[in-house]
Amino acid sequence: MLLEGLMKILVVGGGGREHAIIKAIRKNPAVDTIYALPGNGGIAADAQCVPIGATDIEKIVAFAAENEVDYAVVAPDDPLALGCVDELEKAGIPAFGPKKNAAIIEASKAFSKSLMKKYGIPTAQSKTFTDMGQALAYVERVGAPIVVKADGLALGKGVTVAQTVGQAKEAIRDMMEGGKFGASGATVVIEEYLEGPEVSVLSFTDGNVVIPMVSSMDHKRAGDGDTGPNTGGMGTVAPNPYYTPEVAERCMREIFLPTIKAMNAEGRTFKGCLYFGLMITADGPKVIEYNCRFGDPETQVVLPLLESDLLTVMRAVTEGRLAETEVKFSDKSAACVVVASRGYPVKYQSGYEIVLPETGEGREIYVAGAEIKEGKLLSHGGRVLGCVAVEDTLEKAVKEAYRVADAVKLENGFTRRDIGKRALDALNK
Ligand code: AMP
Ligand code: GLY
């Protein structure tokens, strides 16, 4: 048994998601030190930031060993895909997150599509191409709308929903000839266009059981009314009103359990947070994508609703004891409004001073992109803050999250003004 207040935790990553994870872990009284690698200027208020990049696996493992870290959490996709958890475990450090051979469920869309096909998990029909001529001929034949995806990791930007054959061809050429996403785009997946509301479901799984967290809804486009370029996510709400108990039951039966079993059958047991990106189509729920990690900014609305202790749940996942561990969520609602640098995700400037407002009970400001210079907190990156409110109703949560976001002082900051609108419209229908 570890003594109270003596645990050392290491969190790999440095965005708003990691800030939310760190604040939740901090609630466990057994935790003494939390190291964030690399963290950021805002996370520095809650953890010891160490300037080691999230993909510098060798240095991460060496740091963890030297500092006798008791438990590590690997949050971003890149280090997971590079085998960070495997290497930490080899060094005797237990870690939250899938091993490299399971992280492939996100790292290769060609892999995840073939997994779903093989095990009958509902998803858009697709074909995978390594030859550009064949890919071009295929879209010519099947027509638009159609979806073109880079096989590998592309910071959430490797997907083109093409309304015309011309757009689809351009996307294919950019990926396969123009090298737009480097090696990630050498293979492309071309997919049937699906329609319906989208739902994000993060889940805990230890390979034996899968426990879905409260559902959420992301807002991926930069502009109001879902216009403008795709971003990492401009805001989230939880729960997602489209995720009804009936849908949840179908997802468990047709998607969640079959996925866990499929990964086991492939010798790729998944332990960690498995994120299901779902579309609720007229034919039922279908998988749009899997992520091998907590979503960003989904985590910022999901973890504030978690009533159980996060660290306890994470360690149960690592040790395969999830079935006997309570994972309880509040029935309140949460909203997160992202404050981004004007021009994000295309072209933006950093280095503006951020002045945070006072926040009270049920409010959080998670810092996604900031650094400290001469004692001042300065913006650093596209997404700067995630302003979160937890309330009894979604309507109040959205209103209060905007109140916090609007009280932030950041000269070149901008927010989408309609976070939660679609969810509220669905609730009021
Ligand atoms: P992804 O990066 O895979 O999450 O895709 C980004 C976004 O593209 C998704 O959130 C959807 O809005 C859209 N998308 C992806 N696949 C499809 C599809 N097969 N049909 C329609 N929209 C899609
Ligand atoms: N918000 C979507 C993601 O984390 O991939």
Side-chain angles (χ1 to χ4, degrees), residues 15-17 19-20 42 155-157 159-161 196-200 215-242 277 279 288 294-304 333-350 352 354-357 359 363-370 379-391 393-428:
R17 162 184 57 201
H19 200 185
L155 292 170
K157 292 169 194 131
V159 174
T160 299
V161 179
E198 289 182 53
V199 177
S200 304
S215 61
S216 54
M217 184 191 289
D218 195 3
H219 297 70
K220 286 190 204 245
R221 301 294 203 91
D224 289 8
D226 293 326
T227 55
N230 258 319
T231 71
M234 291 300 295
T236 37
V237 295
N240 184 322
Y242 291 105
M279 198 172 266
I288 289 283
F294 283 95
D296 187 346
E298 284 88 347
T299 306
Q300 289 88 316
V301 286
V302 169
L303 291 186
S333 296
C336 170
V337 173
V338 168
V339 179
S341 303
R342 189 165 299 287
Y344 171 75
V346 183
K347 195 165 176 249
Y348 52 86
Q349 288 183 329
S350 288
Y352 290 89
I354 309 164
V355 183
L356 300 176
T359 50
R363 308 286 176 267
E364 294 284 359
I365 300 179
Y366 298 122
V367 180
S379 63
H380 186 74
R383 290 188 293 177
V384 180
L385 305 170
C387 300
V388 176
V390 174
E391 285 287 344
T393 65
L394 188 58
E395 192 173 358
K396 269 204 226 159
V398 169
K399 205 170 142 205
E400 290 300 316
Y402 271 109
R403 200 199 292 274
V404 176
D406 291 339
V408 168
K409 292 208 181 87
L410 173 63
E411 201 180 304
N412 77 331
F414 87 98
T415 54
R416 249 182 85 156
R417 299 313 300 177
D418 63 347
I419 301 301
K421 180 172 185 302
R422 179 175 291 202
L424 290 170
D425 288 348
L427 279 178
N428 297 326

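A side-chain donor-acceptor contact under 3.5 Å links Thr227 to the backbone of Asp224. Between the side chain of His219 and the backbone N or O of Gly420 there is at least one donor-acceptor pair closer than 3.5 Å. Using modelled atom types, no side-chain atom of Arg383 and backbone atom of Val338 make a donor-acceptor pair closer than 3.5 Å. When atom types are taken as modelled, the side chain of Ser216 and the backbone of Pro239 share no donor-acceptor pair closer than 3.5 angstrom. At distances below 3.5 Å, at least one donor-acceptor pair connects side-chain atoms of Asn412 with backbone N or O atoms of Gln349. For the pair Asn230 (side chain) and Thr160 (backbone), a donor-acceptor distance under 3.5 Å is absent. Not one N or O on the side chain of Arg363 forms a donor-acceptor pair closer than 3.5 Å with the backbone of Val404.
Heavy atoms only, all atoms of each residue included: Gly232 and Pro297 are closest at O-CD, 3.9 Å. Contact record, Leu394 with Ala334: CD1-O, 3.9 Å, taken as the closest heavy-atom pair. Minimum heavy-atom separation, Ser379 to Leu410: CB-CD1, 4.0 Å. For Ser341 against Tyr348, the heavy-atom pair with the smallest separation is CB-CB, 3.8 Å. Shortest non-hydrogen contact noted between Asp218 and Gly235 is OD1-O, 3.2 Å. The shortest non-hydrogen separation linking Ala20 to Tyr366 is CA-CE2, 3.4 Å.
For residues 408-417, the pairs satisfying salt bridge (Lys or Arg N to Asp or Glu O under 4.0 Å) are Asp226-Arg416, Asp406-Arg417, Arg416-Asp418, with sequence neighbours left out.
Taking the side-chain hydrogen bond (donor to acceptor under 3.5 Å, both in side chains) definition, one finds that Arg221 meets it with nothing, sequence neighbours left out.
No more than 12 heavy atoms of other residues, nucleotides or ligands shown are found within 6.0 angstrom of CD on Glu395.
Interatomic distance, SG of Cys336 versus CG of Asp296, reported as 8.5 Å (0.5 Å rounding). Separation of atoms CD (Glu298) and CG (Leu303) is listed at 11.0 Å; rounding is to 0.5 Å. For the atom pair NE2 (His19) and OG1 (Thr299), the distance works out to 13.5 Å, reported to the nearest 0.5 Å. To the nearest 0.5 Å, atom OG of residue Ser333 and atom CG of residue Leu427 are 7.5 Å apart. A distance of 5.0 Å separates OG1 in Thr359 from CD1 in Ile365, rounded to the nearest 0.5 Å. With rounding to the nearest 0.5 Å, the separation of CE in Met279 from OH in Tyr242 is 12.0 Å.
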Side chain to side chain contact (heavy atoms under 4.5 Å, CB included) between Lys220 and Met234, intermediate numbers included:
CA-CA 6 Å; Lys220 286 190 204 245; Met234 291 300 295; over 6 Å; no

Check the pair Val384, Tyr344 against side chain to side chain contact (heavy atoms under 4.5 Å, CB included), reporting the backbone distance first and the verdict last.
CA-CA 10 Å; Val384 180; Tyr344 171 75; over 6 Å; no

After noting the C-alpha distance and the side-chain angles of Ile354 and Val408, does the key distance pass the side chain to side chain contact (heavy atoms under 4.5 Å, CB included) rule?
CA-CA 7 Å; Ile354 309 164; Val408 168; 4.3 Å; yes

